[in-house]
2 protein chains.
Amino acid sequence: MTPMKEDYIKIIFELGGINKKISNKEIALALDVAAGSVTEMISKLVEEKLVVHEPYAGISLTKKGQRYATELVRKHRLWETFLVDKLNYNMADVHPEAEVLEHQTSDRLASSLDNFLGYPKHCPHGGVIPDENGHFDDISHEMLAMAKDNEEVEIERFLDNHELLVYLTDLGLNVEDDIKVIRHDPFEGPIQIVRKTDQKAMAVSYKAAHNIFVRKTNG
Amino acid sequence: MTPMKEDYIKIIFELGGINKKISNKEIALALDVAAGSVTEMISKLVEEKLVVHEPYAGISLTKKGQRYATELVRKHRLWETFLVDKLNYNMADVHPEAEVLEHQTSDRLASSLDNFLGYPKHCPHGGVIPDENGHFDDISHEMLAMAKDNEEVEIERFLDNHELLVYLTDLGLNVEDDIKVIRHDPFEGPIQIVRKTDQKAMAVSYKAAHNIFVRKTNG
DNA sequence: GCTAAATATTAGGATTGCCTAAAAATATAT
DNA sequence: ATATATTTTTAGGCAATCCTAATATTTAGC
């Protein structure tokens, strides 16, 4: 297993390759490689029984591939947590470092790191950290953008996108914040919210609000 | 700069490529590659002005190459320190993990890690950790094997060799221990020593004693 | 000081992973 | 329903890094 194969497996996972078939093009776009390179690499992953490939129809992960992908996600997120919790990185800066470290992380190292960090459940932007056996809790797919006015929700997770994370850091909005939705401005305007703990009012852009996932906290 | 090139640079450094010319064969043996591969890679490193190569005479590091090598050593030893001090690895187990992590460590990460560890001067087996500018203190080249009977010395450093480190861990001898040499048994027999702090007597094999470096502590 | 042994370099190939361009298959739109 | 557009696969190449085998150079023994 090389780092590049790992990248393919992980991106297929992130594109939803557990449930549905992923197209060649999606992978090529996500990894920024040529379509031909994808076909070639996929055929190798098929040999290793990590993915199944129906030509022209799509690619999905086998059980083995899924296990592998969760391991990578686990390692990635443990490193992100380490960087933020111990080395004082900010959330928006950790992705590239974790991206390279994850490929060089033995199971033993992941396990020691997990212990050192106190078995965190979530990475800095709210993603679930799978446990050693690849188990992880369900995540919310409810976007902040869809929450109703006056609804009270907890910020659960941000998409792992640099621009977004910088924006949110500037804004001061964090994972686990309990907030109340005030109103949705028209014409794709910002969603106005208030953080319950300190009554801080914030305006979250329409686009950002589609990349923030929340969980209801009131009846 | 690829990880393999980094490995070449680092091994040339470790073989003494700052002061003397290193032979093709030494590198080939140390990296376990064919001699032809070394010649080829060296010619690339020459192009990048990292080494100078006098055909048939030997290879040594340029200033640029030295700078690069110390950076790698710094990263390697910071990781080793992290693994022992924070993740409770034992000294003998850290080398392979550090070996791969070092290649994926940005300067920023090294710097943050250094700070987190409290700017350690030495790695777990006593090697000097160069600072951010590549500066590092001189090291002792005085072998325990050469210390005279009744001499009192401090254990400064062990060679980074797995077998040796396992042996020393079992023996209970550590870097920074203050010891007194009792006697040298004949016929390459062990060196008998006593640790001053707890009066623990230890017999260090002749071979190990050639891989342990010490610093005199009495007049 | 010459010959044999050791060491170094060159040459030719393999593998991995990428690319571009051409060909094949599928999807879309009128 | 067929022509066009899109997507996928195939084919042929390139770069990095390794290998083995052949050749060249240096070192060492007698």
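To find a chain, count down the sequence lines: A is the first, B the second, and so on, and within it residues start at 1.
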In whole Å, what is the span from the CE atom of M1(A) to the P atom of dG17(C)?
10 Å
From CG of L45(A) across to P of dT9(D) the rounded distance in Å is 13 Å
For M4(A) and dA15(D), give me the distance from atom CE to atom C1', rounded to whole Å.
14 Å
Inter-residue atom distance H210(A).NE2 - M146(A).CE, 0.5 Å rounding:
4.0 Å
Ignoring backbone atoms, establish whether Y8(B) has a side-chain N or O less than 4.0 Å from OP1 or OP2 of dC18(D).
yes
Just say parallel, tilted or perpendicular for the rings of F116(B) and F82(B), cut-offs at 30° and 60°.
tilted
So does K216(A) pair up with E142(A), basic N to acidic O under 4.0 Å?
yes
Name the residue closer to the 5' end of DNA chain C, choosing between I59(B) and P3(A) according to the nucleotide with the nearest heavy atom.
I59(B)
How many whole angstroms separate atom CD of E40(B) from atom C1' of dT20(D)?
13 Å
Take the protein atom CD1 of I42(A) and the nucleotide atom P of dT9(D), then report the distance between them rounded to whole Å.
9 Å
Does dG17(C) have OP1 or OP2 under 4.0 Å away from a side-chain N or O of S37(A)?
no
By nearest-nucleotide position on DNA chain D, the 5'-leaning member of A35(B) and M41(B) is M41(B)
With a cut-off of less than 4.0 Å, is there a side-chain N or O of H53(B) near OP1 or OP2 of dA8(C)?
no
Are R74(B) and D131(B) within salt-bridge range, i.e. N to O under 4.0 Å?
no
Could you check whether R108(A) pairs with D93(B) (Lys NZ or Arg NE/NH1/NH2 to Asp/Glu carboxylate O, under 4.0 Å)?
yes
To the nearest Å, give me how far apart CG (N24(A)) and P (dC18(C)) are.
12 Å
Check this one for me: any side-chain N or O of T39(A) less than 4.0 Å away from OP1 or OP2 of dT9(D)?
yes
Report the distance from atom OH of Y56(B) to atom P of dT26(D), rounded to the nearest whole Å.
7 Å
Closest-nucleotide 5' rank along DNA chain C - winner of P55(A) and D32(A):
D32(A)
Rounded to whole Å, CD1 of I27(A) lies from P of dT8(D) at a distance of 9 Å
Any side-chain N or O of K44(B) less than 4.0 Å from the OP1 or OP2 oxygen of dA16(D)?
no
For T2(B) and dA16(D), is the shortest distance between a side-chain N/O and OP1 or OP2 below 4.0 Å?
no
